[in-house]
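What you see is a predicted model; the values in this text were computed from it and never measured. FYI, the numbering just counts along the sequence from 1.
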Amino acid sequence: QVQLVESGGGLVRPGGSLRLSCAASGISLDDYKSYSIGWFRQAPGKEREAVSYIERSGGEIYTYYRDMVKGRFTISRDDSKNTVYLQMNSLNLEDTAVYYCATGNTVISGFLWDEYDYWGQGTQVTVSS
């Protein structure tokens, strides 16, 4: 059974930075390399929304971002550690949410949460002055 564990959340002031990690277990390295990894977030009273995802295709790694984080967030993966990172810079109040990572091997769009098979428990990010 694939398990994902997020870490790195916390309290940060506007303009600050955080790096989230998503560590996967219960999956072989070969399978993990072929899986897409997505980051989603959910703020209180709001629907879950996609933030970014990363995939490997034809030996190349591709990254995708929603407009509201483009230029501020960077997703990356270290397959030797079965870990995906989300570097978040220039954080603002609207970035406050629980952040989840997810993975699956049947992801097509990448920004649709129901395409993912496995989810972490989430990590809280709070941006406040």
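Judged as a ring pair (Phe, Tyr, Trp, His ring centres under 6.0 Å), not a single pair has a partner in residues 67-107 (not counting sequence neighbours). Residue pairs that meet the salt bridge (charged side-chain N to carboxylate O under 4.0 Å, His left out) test with at least one member in residues 104-129, sequence neighbours left out, do not exist here. Applying the salt bridge (charged side-chain N to carboxylate O under 4.0 Å, His left out) rule to pairs touching residues 60-76 yields D67-K70, R72-D95, sequence neighbours excluded. Sorted by first and then second residue, the salt bridge (charged side-chain N to carboxylate O under 4.0 Å, His left out) pairs involving residues 97-111 (not counting sequence neighbours) form an empty list. For residues 38-87, no pair satisfies disulfide bond (SG atoms under 2.5 Å apart), with sequence neighbours left out.
Evaluation of the side-chain hydrogen bond (donor to acceptor under 3.5 Å, both in side chains) rule for S7 yields no partner, not counting sequence neighbours. Partners of Y116 according to the side-chain hydrogen bond (donor to acceptor under 3.5 Å, both in side chains) rule, which considers only residues two or more places apart in sequence or in another chain, do not exist here. Residues meeting the side-chain hydrogen bond (donor to acceptor under 3.5 Å, both in side chains) test with D31, sequence neighbours left out: S28. For V5, the side-chain contact (heavy atoms from CB on, under 4.5 Å) criterion is met by Q121, not counting sequence neighbours. For the side-chain hydrogen bond (donor to acceptor under 3.5 Å, both in side chains) test, residues two or more places apart in sequence or in another chain that qualify with E49 are R41.
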Expected list for residues 106-113: side-chain donor-acceptor pairs under 3.5 angstrom, two or more places apart:
from : atom 1 : to   : atom 2 : distance (Å)
S109 : OG     : F111 : N      : 3.4

Which donor-acceptor pairs under 3.5 Å do side chains of residues 10-24 form with protein atoms, sequence neighbours excluded?
from : atom 1 : to   : atom 2 : distance (Å)
R13  : NH1    : S129 : O      : 3.0
S17  : OG     : N89  : OD1    : 2.9

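For the pair T83 (side chain) and K81 (backbone), a donor-acceptor distance under 3.5 Å is present. Judged purely by atom type and a 3.5 angstrom limit, T103 has no side-chain atom pairing as donor or acceptor with the backbone of Y35.
Side-chain contact annotation: T126 with Q124, donor-acceptor N/O pair under 3.5 Å present. Side-chain N/O atoms of E55 and Y64 include a donor and acceptor closer than 3.5 Å.
Cation-pi check for R48 over W119 is met; the charged atom lies under 6.0 angstrom from the ring centroid and within 45 degrees of its normal.
Follow the hydrophobic side-chain contacts under 4.5 Å out from Y53 and you never reach V51; the two are in separate clusters.
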